[in-house]
Amino acid sequence: MDRTPQGPPEAGRVRRNRDADWDDWPVADYLAENYRSLHPCDVGVIRHHAAVYRRFAPGGLSRTLELGAGPNLYPLMLAGAASRGVDALEPSSAGLRYLRGQLAHGVDDSWRPFYALCRSLDPRLPADCAEALRRVRVVRGTADDLVPGSYDLASMNFVAESVTEDFAEFTALCDAFVRAVRPGGTLLAAFMERMPSYRIGTGPVWPACPVDETALRAVFAPRTTGLRIAGVAKDRTLPEYGDTGVLLLTAERPVP
C-alpha cells in the first residue's frame, strides 16, 4: 500500500476544495490507517480537548459544532457532557453514511478505547457511549452553510488544512469557523502540521495546505482573542503523510 505523499497531479496547478471528489472519500482506508487503534497523537488531542470541555458545566453549552466531522467520532464523544446538542456538519456522502450508520446502529468496537479515554478524562460523560452520541445531529453541508453566531463552541479537527492547497481558501474556511460561534464563544481545533497533499491507501492524492504555528497565528490572531497553540509530536505509529506533528488551538471569538 503506497502511502507516500505526492505532489499535485498537474505541476503548478493549485487544487482547491471543489477540485476533489469528497463524496468518494475512502472511509474504510482512512479508518484502517488512523482510527482502528488508539495512537499516541489521539491521546494528545483527546487530553487537550477534554480539558477545554471540562471548563463548562454539564449541559452548559446549548449548541456546538463539529465542522467537517468526517468519520472521526472522538470529537463528538468529547462534547457529550458539556453540550446539549451537537451539529456534525459533513459534506461528503461517504462520511455522512458512516456517521449516520454509527449513530443508528452503535459504534464500531474499535471506538470503545477512545471513549474509555474520553470518559477517564471527563467522568461527567455518560457511562454509555451511545448516550453521549445521542446529542449529535448529522447535517449535510459545508462551511458556506454556516450561519454566523449560531454556536456556543465550534470544533474542527484535521479539516481546513486537509481540503485545499490554496492558503487563501484555508484562511476563508478558518474565518467561517471563527464566525460560526457567538461573540465570546469558544474555538477548539487540531491541524496536521506542515502536511503536504497526501494519499489514503492506494487512492488519489487529496489536496492539503501545509501550515505551521506561524501560519495559524497569522490567520487566527486578527480574528480571535485568547489564542493558544500547543503541539503534539509527530506520531511514528501512523502512516507517513509528510506531516511534522499536530497543532492544537483554542481561542474565543471577540466580544464587540
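- The distance from atom CH2 of W22 to atom CD of E90, rounded to the nearest 0.5 Å, is 10.0 Å.
- Separating the OG1 atom in T171 from the CG atom in L216 is a distance of 10.0 Å, to the nearest 0.5 Å.
- For D108, the side-chain hydrogen bond (donor to acceptor under 3.5 Å, both in side chains) test picks out R36, Y98, Q102, with sequence neighbours left out.
- Panel note: side chain D42, backbone H39; a donor-acceptor pair is recorded below 3.5 Å.
- Under the 4.5 Å side-chain criterion, counting only non-hydrogen atoms from C-beta, R217 is not in contact with P222.
- Hydrophobic clustering (side-chain heavy atoms under 4.5 Å, transitive across Ile, Leu, Val, Met, Phe, Trp, Tyr) groups Y151 together with L89.
- Minimum heavy-atom separation, L173 to A143: CD2-CB, 3.8 Å.
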Using a 3.5 Å cut-off and no angle test, enumerate the donor-acceptor pairs between side-chain atoms of residues 185-195 and protein atoms at least two apart in sequence or in another chain.
{"from": "E193", "atom 1": "OE1", "to": "T244", "atom 2": "OG1", "distance (Å)": "3.0"}
{"from": "R194", "atom 1": "NH1", "to": "T244", "atom 2": "OG1", "distance (Å)": "3.3"}

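- Of all heavy-atom pairs between P183 and P256, the closest is CB-CD, 3.7 Å.
- Across all non-hydrogen atoms, the minimal contact from P71 to L31 is O-CD2, 3.8 Å.
- One hydrophobic cluster holds both F114 and V27 under the rule that ILVMFWY side chains link at heavy-atom gaps under 4.5 Å.
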query = After noting the C-alpha distance and the side-chain angles of L103 and V138, does the key distance pass the side-chain contact (heavy atoms from CB on, under 4.5 Å) rule?
reply = CA-CA 9 Å; L103 295 179; V138 178; 3.4 Å; yes
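- Counting only distance, with no hydrogens or angles, the side chain of D145 and the backbone of T142 share a donor-acceptor pair below 3.5 Å.
- Aromatic pair Y35/Y30: centroids less than 6.0 angstrom apart.
- In this structure, M77 and W111 have side chains that are in contact, with non-hydrogen atoms separated by less than 4.5 Å.
- Panel note: side chain R182, backbone S150; no donor-acceptor pair is recorded below 3.5 Å.
- The CZ atom of R223 sits 4.5 Å away from atom CG of D175, with the distance rounded to the nearest 0.5 Å.
- In this structure, D243 and K234 have side chains that are in contact, with non-hydrogen atoms separated by less than 4.5 Å.
- Between E161 and F170 the shortest side-chain heavy-atom distance falls below 4.5 Å.
- Rounding to the nearest 0.5 Å places OG of S83 at 10.0 Å from CG of L76.
- Side-chain contact between I200 and Y241 is present, with heavy atoms from C-beta onward closer than 4.5 Å.
- Cluster annotation: V163 and L96 are assigned to the same hydrophobic cluster (Ile/Leu/Val/Met/Phe/Trp/Tyr, side-chain heavy-atom contacts under 4.5 Å, transitive).
- Cluster membership for I46 and M156, using ILVMFWY side-chain heavy atoms within less than 4.5 angstrom, is not shared.
- Salt bridge status for E252 with R228: present, with a side-chain N to carboxylate O gap under 4.0 Å.
- Counting only distance, with no hydrogens or angles, the side chain of S197 and the backbone of A208 share a donor-acceptor pair below 3.5 Å.
- Applying the side-chain contact (heavy atoms from CB on, under 4.5 Å) rule to D166 yields the partners V14, R16, T164, A168, E169; only residues at least two apart in sequence or on another chain are considered.
- Between the CH2 atom of W25 and the OG atom of S92 there is a distance of 8.5 Å, given to the nearest 0.5 Å.
- Checking side-chain atoms of R137 against main-chain N and O of G85 turns up no donor-acceptor pair under 3.5 Å.
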Could you go step by step and tell me if V219 and F167 meet the side-chain contact (heavy atoms from CB on, under 4.5 Å) rule? CA-CA 10 Å; V219 171; F167 187 76; 3.6 Å; yes
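- When all heavy atoms of A20 and P207 are compared, the pair lying nearest together is CB-CD, 4.0 Å.
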Show which side-chain atoms of residues 48-57 pair as donor or acceptor with protein atoms under 3.5 Å away, not counting sequence neighbours.
{"from": "H49", "atom 1": "ND1", "to": "V45", "atom 2": "O", "distance (Å)": "3.4"}
{"from": "H49", "atom 1": "NE2", "to": "N157", "atom 2": "OD1", "distance (Å)": "2.8"}
{"from": "R54", "atom 1": "NH1", "to": "L121", "atom 2": "O", "distance (Å)": "2.8"}

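- Follow the hydrophobic side-chain contacts under 4.5 Å out from Y74 and you reach L61 in the same cluster.
- Shown here for G201 and D29, the closest heavy-atom pair between the two residues is CA-OD2, 4.1 Å.
- At a threshold of 4.5 Å between non-hydrogen side-chain atoms, the residues L65 and S155 do not count as touching.
- Under the rule for a ring-ring contact (aromatic ring centres under 6.0 Å, His included), F158 has no partner lying at least two apart in sequence or in another chain.
- To the nearest 0.5 Å, atoms CG (L38) and OG (S110) are separated by 10.5 Å.
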(Q) With side-chain contact (heavy atoms from CB on, under 4.5 Å) as the criterion, how do V136 and L99 come out once you've worked through the C-alpha distance, each side chain's angles and the decisive distance to 0.1 Å? (A) CA-CA 10 Å; V136 176; L99 285 170; over 6 Å; no
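- A heavy-atom distance below 4.5 Å is found between the side chains of D19 and R13.
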Requested in this report: Please lay out, stage by stage, how L238 and E33 fare under the test side-chain contact (heavy atoms from CB on, under 4.5 Å).
Outcome: CA-CA 7 Å; L238 289 172; E33 290 186 7; over 6 Å; no
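- Residue S93 comes nearest to R140 through the heavy atom pair OG-NH2, 2.9 Å, listed as atom of the first residue, atom of the second, then distance.
- Among residues at least two apart or in separate chains, salt bridge (charged side-chain N to carboxylate O under 4.0 Å, His left out) pairs with a member in residues 62-82 are R63-D87.
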Where do E240 and R199 land on the salt bridge (charged side-chain N to carboxylate O under 4.0 Å, His left out) test, with the steps shown first? CA-CA 10 Å; E240 180 52 75; R199 189 188 300 277; over 6 Å; no
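- Considering only heavy atoms from C-beta on, L248 comes within 4.5 Å of V232 through its side chain.
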